[in-house]
Structure formats: C-alpha cells, structure tokens
Amino acid sequence: MKEFMMLFRHVPNPNYQPTQEDIAASIKQWQDWIGGIAAQGKFMSTNQLGYTGKVVKPGNVITDGPYAEVKEIIGGYIIVKAASEEEAVEMAKGCPILNEGGHVEVRSFMELDL
Amino acid sequence: MNTNELIPNLFRTEYSKLVAVLCSVFGMSNMQLAEDIVSETFLLASETWSKKGIPDNQVGWLHTVAKNKTRDHFRRQKIKRDKVDPDVAYMTETSTEQAFDFNDEGIQDGQLKMIFAICHPSIKEDAQIALALRILCGFGIDEIVAALLSNKESINKKLYRAKQKLKDQQVKFEMPPEDAIEERLDTALKTIYLLFSEGYYSANIQETIRKDLCLEAMRLNLLLCNNEATNLPKVNALLALMCFHASRLEARLTPDGQFVLYDDQDRSLWNQSLITQGEFYLNRASIGENLSKYHLEAAIAYWHTQEDSSEKWEKILQLYNYLLQTEYSPIAALNRTYALSKARSKKEALKEAKKLDLTKSHLYFSLLAELEASIKGQLGYLEKAISLTQSDEEKRVLQGKLDQLKNRD
C-alpha cells in the first residue's frame, strides 16, 4: 500500500449563497465518500481549508491569498492508502467536488532515502 | 438461603472487595497472599456456617476473619524476622489495624486502585481480562474458563504470569498521578469494554455468565463515574454505550439461548430503564471538547434504541462515517455498510460492500446475502458464510435463513 494525496481544486463562486440545507447535504455527500474510503481501512487524514489566508513571498512581501492571483483554489485534501495510482484514481472518481464544479488532483508521495 | 447458595453469592460480591482492601495493606507485589487469605476466609465460612449456622452479619463476619488471619500472618512474620534479623523493619500490628479500611469508602478506594493496577499497560490484554475477572469481579476459575471459552490450565497460567508481571514491573497499588489519569483510563476503559463484549457478543457462553460479565463491566465503569478524578466525559460515554447495549440483553436471546437478530427482536423486551440511564450518562458525557470513540459508539447505540425512521439510519450512517475515520475496525465497516443500505438503498450498499476486503469473515458474506437482490446470489453468499463461521449458534441462524430461502424458491 502506498499513500496518495488528493487535492480538491475549484473556482469559488462569490455569488453562491448556500442555505443550511445545502450545506448539510454537501457535508453528507463528503462524509459518505470519506466514510466509504475509511470502511476499506484506507483513510489516513483529511482537512478542509479555510477560504482566506496569506501568501508569503521573498523580500517580506505578504499578500492576501489565495484569491489575489489565482482563480482556482485548493479547498481541502485527503490522504489515502491505495495499492496503486489506478486504485487511488478510482477512489477519486467518487469525490463530491466533481459534482460541485471542481476537480481532484491525485498525487503520490515522493519516497526519499534519507 | 442455605450455605451452598449463600457462599458463592457472597464470594462474587465480597471477594474482590476483600482482596482490594488487603492489597492496600500488603501492596500489589503480595497480591497472592491477599488472595490466599481471602480464600481461606471463605473456606472457614463454609465450614463454620454449615456447622454452627449462618451469622446475621455475614459480611462483617468475613471482614473480622480476614482481619484476624492477616494479623496472624504478621505475627508469624514477626517471629520469623525477630529470629532471623531483629533489626529489619516490619509492619506492626497497630499499623495493620490502621491500614484496614473496611468501610464503603475504603472498599471503593481499594477497588479503584485495583482497576488501575490490573489495567496496567505492561500486562497483555487477554491476561488483563482474566485477571480482572478474578480480582475485580470475583469470578471463580471455572467461571473464567466458561466466560473466556478457554481451559483451566491456560487460565491459571495466564493469571500466574500476569501476577508475576505486576511484581516484576513493581506496579503500585495507588491512583495514577493526575497528569497520567487520562492515559491510564484509556487502558482501563478498553479492558472494561472488552469484558462487556466478551459477555455481549460471544456465542456459546452460558446465559448467567453472559449477564454477569456485562453487569460486572458496568459496575466497574460506574466506580470510575462515581469518583471525581476519573469522572471524565469518555468514562460516562462508555457507561452510556453499555447501558444501551445491555437494554437488549433480554430481547436478543430466546429462552433456550438462541440469538435473535436486531430486526426480529420483540421491542417490548427492551429494558426502558437501562435506556433512560444510558441517556443520562450520554448527557453527562456531552461536555468538554474531546469526542472519543466511545461517544460515537454510544450515540450509535442510542439511535439503535429508537424506533425505525429514515432519520435514525441517516444518523447512524453519519456516526459510522466519523467512527471509521477515528478508528477502523472490520465490524464498524460492515455496520456502516448495513446502515447505508437502510438510509439509502441495498443497491448502493452492495456496491460499497464489494469494495471491502473482508473475504475471510462470515459476517461479510452474511451482509452480502442481505444486500444481494437475486435469490441465487443470496444462496451462494449464505453458503459461503456458513462455511466460514466457527460458531454452531451462528451456523444455525444462517442455515435457517438458507432453508427459508430455498423453500421460497
């Protein structure tokens, strides 16, 4: 088993004002997807990222991020175990971000001989 | 009640208390001595009471005799020591007298310390359970054998090694320091829950032993809830969990000891007072910021005490989703998939079930049989489940389903 990180990317829509029900339904979808991975014993960790942040650049330049320069942001990630990249990709196909106009980036972890 | 019935009853309730109090006199390294004195006390009780009649205050009688026997022991020790080495410090009779604390507080205090001593991280889990049954619950060796479906020799070996380990590790008879309680409680709660599960889930054990195991686990948990230092949210959550489960003890077995599946249970047999108590402890658990796996399991168990509704199964599904992220277990994975079938559809659950790599478990194939639409498929899964289960009782239940299905065909 190897570990893979899935990054959830999407372009935020500032006009989208979800209702309580919308939020609850979305949480349910995400939890079902993650629960399904966890039920296979392949879940490692996950986090949703906040909508605001800072970008730190050389020369003590700090800007509001991440919207300032990029349209697309990373909304969160999950780390899973999978036998192969193919299997990880198969898992990613169930990710609710695909129904919310975003996409998933599946990345392996680089193994370093230290 | 005659002596033959009275003594085993008293043994069950008083043995662990006497051993705990004596251990606070002798220290953990002399647990065997404490046990010997208590056993001798009970032996003397059965001899004396059958000849001279049963005293009015039986418990007081036991305390006095145990005290006298301890005093005799120290006297013999003193003579030996005075002869061999008069300068060695030894416990005097007066200090012994002070150390004896047979009032309720002393007994509770002793049993709490005993819980922590036995649930010490250095002792292996299965040995902890055997030792807990013996020392904390006053089970006889035969009862431990029946409860753990083992044999005398192996249980005796386990107990001996565990006690040796307590000595080697110099485990103290004391409450853990405040900053260690949280962590030490985890081991204690795990052992208590295992104790309960032995009773609740194992097939083939005698009905009376099954109930005793569950009740003893709850009694030990209650001791922790009633002590300020150990009355933490997760401790209450575990007690709530066990109350909810135990509420179905009567309903999940027929009078002749056959398992009744959850869906087929007569709900009028569910014990409402235990459910109410469970709700009480779940409320007490709902403070603070930490959500332990016992909280999640207790909440799942709570919803199982409720009438069927789509909300119920949706809640159970979401709780299993969280539980599995906290800690994976095959049983939780199977239960989560079952909840998915109830909250959504069998078709969706079957798709998810096929992703679970649990092909050595008969429960997995029972679940597949439950979710599968075609009769032919169901038959195949049931046969596979029967071939994998070790328990005669579960074989019988599965065979019943299989026969029913074949007759419908």
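Residue numbering restarts at 1 for every chain, and letters A, B, ... go by the order of the sequence lines.
Heavy atoms of Ser45(A) lying under 4.5 Å from chain B are absent altogether. Contact of Leu323(B) with chain A is not made at all, since no heavy-atom distance falls under 4.5 Å.
Arg107(A) CZ: 12 or fewer foreign heavy atoms inside a 6.0 Å radius. Other residues, nucleotides and ligands contribute more than 12 heavy atoms inside 6.0 Å of the NZ atom of Lys395(B). Within 6.0 Å of atom NZ in Lys342(B), more than 12 heavy atoms from other residues, nucleotides or ligands are found, so the atom counts as buried in its surroundings. In Gln48(A), the CD atom is not crowded: 12 or fewer heavy atoms of neighbouring residues, nucleotides or ligands sit closer than 6.0 Å. Residue-environment remark: CD (Glu72(A)) exceeds the threshold of 12 foreign heavy atoms within 6.0 Å. Within 6.0 Å of CG in Asn290(B) there are 12 or fewer heavy atoms belonging to other residues, nucleotides or ligands.
No side-chain donor-acceptor contact under 3.5 Å links Gln40(A) and Glu352(B).
Atom NZ of Lys28(A) is separated from atom CG of Asn321(B) by 11.0 Å, given to the nearest 0.5 angstrom. How far CG of Asp32(A) is from CZ of Arg344(B): 4.0 Å, rounded to the nearest 0.5 Å. Rounding to the nearest 0.5 Å places CG of Asp357(B) at 7.0 Å from NZ of Lys42(A).
When all heavy atoms of Ala38(A) and Leu324(B) are compared, the pair lying nearest together is CB-CB, 3.6 Å. Shown here for Ala39(A) and Leu356(B), the closest heavy-atom pair between the two residues is O-CD2, 3.2 Å.
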